[in-house]
Structure formats: structure tokens, C-alpha cells
Amino acid sequence: MDHLGRKQRINEWYEIYSNDVFNYAFFMIGDREQALDIVQDTFIRAYHHFESFQGGREKSWLFRIARNLTIDYIRKNRTIANYLSFLPFGMHDEKSAEDIAILNESEKQLYLAISKIKPSFRDVIILRKIKEFSIGETAEILGCSEAKVKVDLFRALKVLRKELEKEGFRYEAI
């Protein structure tokens with residue numbers, strides 16, 4: 001595909017998927033500005049590596065890129081202080097009134113509980129339950145088998161349920 005066609009295709013994907021990629025990155029790192037940077041970097045990387053896209057599910061491919069960028073960001077910033085940035089409403093982190101108003105109380109509790117579980121469980125919950133990817137798409141994004149996605153999701157939901165109960169939150173559907 002020529003430069004113009006590639007650019008047009010990436011722009012179309014950006015229009016369709018950028019909000020979903022942002023929400024995923026924001027859920028993973030809890031930093032709005034960094035999540036926006038990851039969205040931008042995702043589509044830049046998709047443009048530069050377009051020839052490696054072998055057709056199929058562009059959304060899964062883009063989420064895999066976003067996931068890798070998010071993991072890179074987390075690894076580069078893994079100090080105690082930065083690790084605490086996963087807790088979006090803690091005393092260490094001042095959020096704007098707008099950020100807090102966006103999430104209702106239940107969403108805040110859920111977001112906080114998700115932020116406390118290990119990253120591999122957080123990934124599978126966000127991809128399967130929040131972003132509503134299929135098991136196959138989730139396996140493709142995470143680079144693992146469908147069986148591993150099923151097992152990890154079962155375990156992740158169990159850990160999330162315990163974390164929510166520890167915080168005094170009861171929700172029957174989890």
C-alpha cells in the first residue's frame with residue numbers, strides 16, 4: 001500500500017478506535033496525559049509498521065500495540081512513587097474535579113479495585129469485561145492461548161471480587 005493509502009487507513013482506524021485505546025491505556029496507568037501519549041504512539045507505530053499487519057482484526061492489532069506501549073511505560077516508570085500512580089483517587093494523586101465527576105462512586109470503587117490487582121489480571125478484565133473483546137481477540141492481544149484467557153479471567157474476577165469485598169463493596173454480577 002502506498003504512503004497516502006496507509007495514511008488514510010490509519011486515520012480511519014484512529015477515528016474508530018482512538019477512544020477505546022485511550023480508555024484502555026487510562027485504565028491501565030491512571031494518567032490522562034500519558035494515556036493520550038500512548039494513543040498517539042499507538043497510531044504512529046501502526047503507521048510505521050503497517051506492513052506487519054496481516055489483515056484480519058485491526059482493533060486487536062492496535063490494542064496489542066497499545067498494550068505493549070503501556071507495559072513499556074510501566075516498566076520504565078516502576079518506582080514506588082510511580083507504582084502508586086495506579087491508585088487514581090489516593091492521597092498521593094490530585095485529580096481534577098472534572099476527572100472525579102466523570103466516575104460515579106461505584107465506578108471509582110471498581111477502578112480502584114482493578115488498579116490493585118496484578119497487571120496480567122487487570123489486562124484480561126479490562127479487555128474482556130470492560131472493552132468487551134471476545135476470548136479469541138483477547139488471546140490475540142495478549143499473545144496467549146484462549147484457554148489461558150479463560151483461566152486468567154476466572155482467577156482475575158475472583159481476586160477482583162475479594163478486593164471489592166475488602167473495600168465493603170458488594171456486586172453480585174462479578
Side-chain angles (χ1 to χ4, degrees), residues 1-77 82 85-86 88-89 93-104 106-108 110-115 117 119-146 148-150 152-153 156 160 173:
M1 181 175 286
D2 69 342
H3 167 72
L4 205 50
R6 180 188 313 186
K7 184 177 176 183
Q8 181 179 0
R9 191 115 177 244
I10 296 296
N11 283 336
E12 289 170 5
W13 291 351
Y14 182 86
E15 291 297 317
I16 297 168
Y17 303 118
S18 62
N19 193 44
D20 289 336
V21 171
F22 169 80
N23 289 334
Y24 170 76
F26 183 70
F27 251 112
M28 289 299 292
I29 60 176
D31 179 323
R32 185 181 285 319
E33 295 304 315
Q34 189 58 45
L36 288 170
D37 288 346
I38 288 172
V39 171
Q40 179 180 355
D41 292 346
T42 296
F43 288 93
I44 289 171
R45 189 170 286 183
Y47 175 80
H48 289 297
H49 297 283
F50 189 79
E51 64 281 348
S52 70
F53 177 63
Q54 299 174 0
R57 303 178 203 148
E58 65 268 0
K59 187 174 183 178
S60 296
W61 186 63
L62 291 168
F63 266 77
R64 187 172 188 127
I65 294 169
R67 180 178 182 267
N68 290 338
L69 289 168
T70 302
I71 289 170
D72 289 346
Y73 170 79
I74 291 168
R75 284 183 185 145
K76 288 177 189 172
N77 295 290
N82 289 40
S85 70
F86 282 110
F89 297 101
D93 191 12
E94 294 181 29
K95 294 288 183 188
S96 70
E98 178 185 330
D99 288 341
I100 294 169
I102 290 172
L103 301 173
N104 69 32
S106 295
E107 289 171 324
K108 283 190 243 182
L110 179 60
Y111 183 76
L112 184 61
I114 289 172
S115 72
I117 63 177
S120 61
F121 284 178
R122 190 169 42 235
D123 271 344
V124 77
I125 288 173
I126 292 170
L127 292 171
R128 284 285 296 132
K129 296 298 182 181
I130 296 173
K131 301 312 296 173
E132 299 179 340
F133 280 101
S134 70
I135 291 170
E137 291 169 327
T138 302
E140 186 179 328
I141 292 166
L142 298 177
C144 64
S145 69
E146 290 184 13
K148 180 162 175 38
V149 169
K150 291 175 187 177
D152 282 356
L153 181 61
L160 179 59

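Note that this is a predicted model, so its numbers are computed, not measured.
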Say whether, by atom type as modelled, one donor and one acceptor occur between the side chain of Arg64 and the main chain of Leu142 under 3.5 angstrom.
no
Where is the tightest heavy-atom contact between Ile114 and Ile125, given as atom of each residue plus distance?
CD1-CG2, 4.2 Å
Does Leu62 reach the side chain of Asp20, with side-chain heavy atoms less than 4.5 Å apart?
no
Here the pair of heavy atoms bringing Phe22 nearest to Ala35 is CE1-CB, 3.6 Å
What distance do Asp31 atom CG and Leu36 atom CG have between them, rounded to the nearest 0.5 Å?
9.0 Å
When rounded to the nearest 0.5 angstrom, what is the spacing between NZ in Lys129 and CG in Leu160?
11.0 Å
As a quick check of understanding, evaluate side chain to side chain contact (heavy atoms under 4.5 Å, CB included) for Asp123 and Tyr24, giving each step before the final call.
CA-CA 9 Å; Asp123 271 344; Tyr24 170 76; 2.8 Å; yes
Checking the side chain of Arg32 only, and the main-chain atoms of Phe26 only, is there a donor and an acceptor separated by less than 3.5 Å?
no
Take atom OH in Tyr14; do more than 12 heavy atoms of anything else shown fall under 6.0 Å from it?
no
Assess whether side chain to side chain contact (heavy atoms under 4.5 Å, CB included) is satisfied between Phe27 and Lys131, documenting all intermediate values.
CA-CA 11 Å; Phe27 251 112; Lys131 301 312 296 173; over 6 Å; no
Could Asp41 and Arg45 be called an ion pair, given the rule that one side-chain N must be under 4.0 Å from one carboxylate O?
no
Gap between atom OG of Ser134 and atom CD of Glu140 - 0.5 Å precision
8.5 Å
Minimum-distance pair of heavy atoms, taken over all atoms of Glu51 and His48:
OE2-O, 3.4 Å
Do the side chains of Lys59 and Glu137 get close enough for a salt bridge, i.e. N-O under 4.0 angstrom?
no
Looking at every non-hydrogen atom in both residues, tell me the closest pair between His49 and Ser52 and how far apart they are.
O-OG, 2.7 Å
Nearest heavy-atom neighbours spanning Val149 and Cys144
CG2-SG, 3.7 Å
Can you measure from OG (Ser115) to CE (Met28) and round to the nearest 0.5 angstrom?
10.5 Å
Minimum heavy-atom separation for Ile117 to Arg122, with atom names?
O-NH1, 3.1 Å
Nearest 0.5 angstrom please: Thr70 OG1 to Ile65 CD1, how far?
11.5 Å
Which distance, rounded to the nearest 0.5 Å, do you find between the CZ of Phe53 and the CD1 of Ile10?
9.0 Å
Parallel, tilted or perpendicular: which one describes the rings of Trp61 and Trp13, with boundaries at 30° and 60°?
perpendicular
